[in-house]
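The block underneath contains the structure these notes are about, expressed in structure tokens.
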Amino acid sequence: MTCIANKKTIVTPSILRLLFPILFIIVLVSLESCSNPNEHKSLEVESLKDAFEKDFYIGVALNGGIIDQSDSTSLNVVKKEFNSITAENIMKSAIIHPKLDSFNFEMADKFVALGKTNDMHIHGHTLIWHSQLSPWFQDIEDSLEFKSATENHIKDLALHFKGIVNSWDVVNEALNEDGTLRNSIFLKKMGADYLSLAFKWTSEIDPDAKLYYNDYNMTNPEKRQGAIRMVKKIQEQGIKVDGIGMQGHWHLNSPSLEEIEQSILEYSKLGVQVAITELDISVLPNPWDLEGAEISQNFENSEKMNPYTKGLPDSVQIQLANRYKDIFNIFLKHKDKISRVTFWGLGDGQSWLNGFPIRGRTNYPLLFDRNLKPKAAYYSIIGLKEKFDQLQTTN
Ligand code: GLA
């Protein structure tokens with residue numbers, strides 16, 4: 001809708017008197033639409049996946065209710081808007097491989113069936129991760145036994161989903177913030193070789209699946225250098241790594257756009273694709289930003305740390321929309337290097353960020369609100385894409 005609030009109109013006083021009530025209503029409506037981030041012009045495309053069809057997959061992480069189809073409202077939005085899916089939890093070892101000698105494929109099979117039926121790109125998350133880890137890993141004392149059980153874990157999963165899962169997070173979160181290797185159970189039991197072995201074992205079973213290393217804070221320069229060193233070491237052994245997953249759990253003001261762009265450029269120099277795998281943008285105060293306070297103290301919920309329980313102010317809604325627009329501007333600029341952008345959840349009400357790092361907050365990190373209606377951020381990235389295409393055709 002065009003904003004007419006600033007337009008000058010020349011009229012005589014008598015006409016003005018007659019027209020005044022009508023003009024007043026028009027101006028009010030127009031003012032409203034200029035300041036209301038929830039009003040939007042009609043779009044040429046019908047969905048996110050249509051908008052970015054030629055650029056990269058647009059994905060979403062699915063919770064149990066969407067996967068088992070009990071939440072049909074969410075499922076319909078997923079089908080309309082997205083062409084790639086990741087399981088938020090049900091492919092993690094604790095759920096899919098609860099006991100050394102038994103798997104629980106029920107939900108994961110539903111998840112992949114959903115992707116297949118709807119012709120979606122299916123991403124597997126995740127083969128090796130120290131967290132949400134099945135307890136049997138901890139129970140194996142002997143290193144050789146541990147190694148062989150880990151190999152079986154990877155190979156059994158890769159085989160079960162061979163030709164169905166298009167890409168895997170082979171290893172999740174193996175790095176510390178300074179770029180050194182996290183002292184996980186895998187490092188302790190198998191040494192640094194576990195990384196290359198994990199990629200090798202997966203590719204031996206499913207050579208066509210695209211294999212990713214995935215982590216958070218991947219824009220942090222020290223961690224970035226660590227990830228680059230790690231991937232180079234794997235590549236030097238003749239083992240393939242197809243991509244780097246930057247999780248993308250970001251904030252309104254950090255990381256900087258420069259760091260995001262720099263990271264995409266540096267990772268792609270490894271000859272791999274970059275995926276943004278778990279995108280969400282928290283609008284709430286970050287306890288780790290508070291100086292001089294014990295982190296544990298900041299994990300207390302309070303009005304200060306949870307300021308938007310009654311709704312997100314328009315000013316912050318606009319800030320979020322602009323932040324998404326700026327980030328997608330970078331993604332579009334480097335679309336040849338980017339395989340996929342996946343949001344970590346569908347609607348704000350379903351986001352893990354309502355519970356982390358402080359429980360019971362009201363966060364607004366995604367493109368759809370608590371009623372699954374598209375937010376200003378949704379329109380901002382589609383609008384950006386429309387402008388981007390117009391510029392391409394005029395140049
Ligand atoms: C990490 C993991 C995800 C998920 C999020 C929090 O980023 O990779 O699987 O657990 O944390 O929801």
Side-chain angles (χ1 to χ4, degrees), residues 59-67 74 84-98 107-108 111-112 122-134 137 153-154 157 161 165 167-177 181-182 184-186 195 198 202 210-220 223-224 226-227 230 243-251 254-255 260 263 274-284 286-288 299 340-368:
V60 61
L62 303 188
N63 61 25
I66 303 178
I67 294 170
S74 295
S84 173
I85 51 173
T86 304
E88 194 173 349
N89 284 304
I90 52 91
M91 288 177 97
K92 293 171 178 170
S93 71
I95 297 176
I96 204 167
H97 192 178
M107 285 296 275
F111 164 75
V112 295
I122 301 171
H123 183 70
H125 175 78
T126 168
L127 294 172
I128 294 295
W129 191 28
H130 64 276
S131 185
Q132 291 181 262
L133 183 70
S134 194
F137 280 100
H153 169 75
I154 290 180
L157 287 177
F161 296 108
V165 160
S167 56
W168 279 106
D169 287 333
V170 176
V171 180
N172 197 33
E173 301 179 356
L175 293 166
N176 295 316
E177 293 311 292
L181 291 184
R182 182 194 289 272
S184 70
I185 188 166
F186 298 101
L195 293 157
T202 316
K210 301 287 180 211
L211 307 187
Y212 281 74
Y213 174 72
N214 190 51
D215 213 327
Y216 59 88
N217 286 352
M218 290 289 272
T219 52
N220 161 350
K223 196 163 187 174
R224 182 165 73 219
M230 188 187 86
I244 295 274
M246 297 167 63
Q247 289 185 0
H249 296 298
W250 291 335
H251 302 267
S254 73
I260 294 174
S263 304
V274 177
I276 316 302
T277 55
E278 304 184 15
L279 184 58
D280 46 28
I281 298 175
S282 173
V283 300
L284 297 182
N286 181 359
W288 284 292
F299 282 70
R340 174 171 58 95
V341 178
T342 287
F343 292 86
W344 204 244
L346 180 63
D348 285 340
Q350 303 165 355
S351 169
W352 73 298
L353 290 173
N354 296 302
F356 180 87
I358 299 174
R359 288 217 192 107
R361 295 201 293 180
T362 309
N363 211 332
Y364 302 81
L366 296 165
L367 298 189
F368 296 88

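Every number for a ligand or one of its atoms is a count from 1 in the order of the listing. Worth knowing before you read on, the calculation uses all heavy atoms, side chains too, and leaves out hydrogens, waters and symmetry mates.
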Assess, by modelled atom type and distance only, whether the side chains of S74 and Q350 contain a donor and an acceptor separated by less than 3.5 Å. yes

Can you find a pair of side-chain heavy atoms, one from I96 and one from L157, that are under 4.5 Å apart? yes

What are the distances between nitrogen or oxygen atoms of ligand 1 and protein nitrogen or oxygen atoms, counting only those under 3.5 Å?
| residue | atom | partner | partner atom | Å |
| --- | --- | --- | --- | --- |
| ligand 1 | 7 (O) | Q247 | OE1 | 2.7 |
| ligand 1 | 7 (O) | Q247 | NE2 | 3.4 |
| ligand 1 | 7 (O) | H249 | NE2 | 3.1 |
| ligand 1 | 7 (O) | E278 | OE1 | 2.4 |
| ligand 1 | 8 (O) | H125 | NE2 | 3.4 |
| ligand 1 | 8 (O) | N172 | ND2 | 2.9 |
| ligand 1 | 8 (O) | Q247 | NE2 | 3.3 |
| ligand 1 | 8 (O) | E278 | OE1 | 3.4 |
| ligand 1 | 8 (O) | E278 | OE2 | 2.8 |
| ligand 1 | 9 (O) | K92 | NZ | 2.8 |
| ligand 1 | 9 (O) | H125 | NE2 | 2.5 |
| ligand 1 | 10 (O) | K92 | NZ | 2.9 |
| ligand 1 | 12 (O) | W344 | NE1 | 3.2 |

N363-N354 side chain donor-acceptor pair, cut-off 3.5 Å: no

Could you tell me whether the side chains of S134 and H97 share a donor-acceptor contact shorter than 3.5 Å? no

Taking side chain as C-beta onward, heavy atoms only, is I90 less than 4.5 Å from F111? yes

State, with a plain yes or no, whether a side-chain heavy atom of Y216 is found less than 4.5 Å away from one of K223. yes

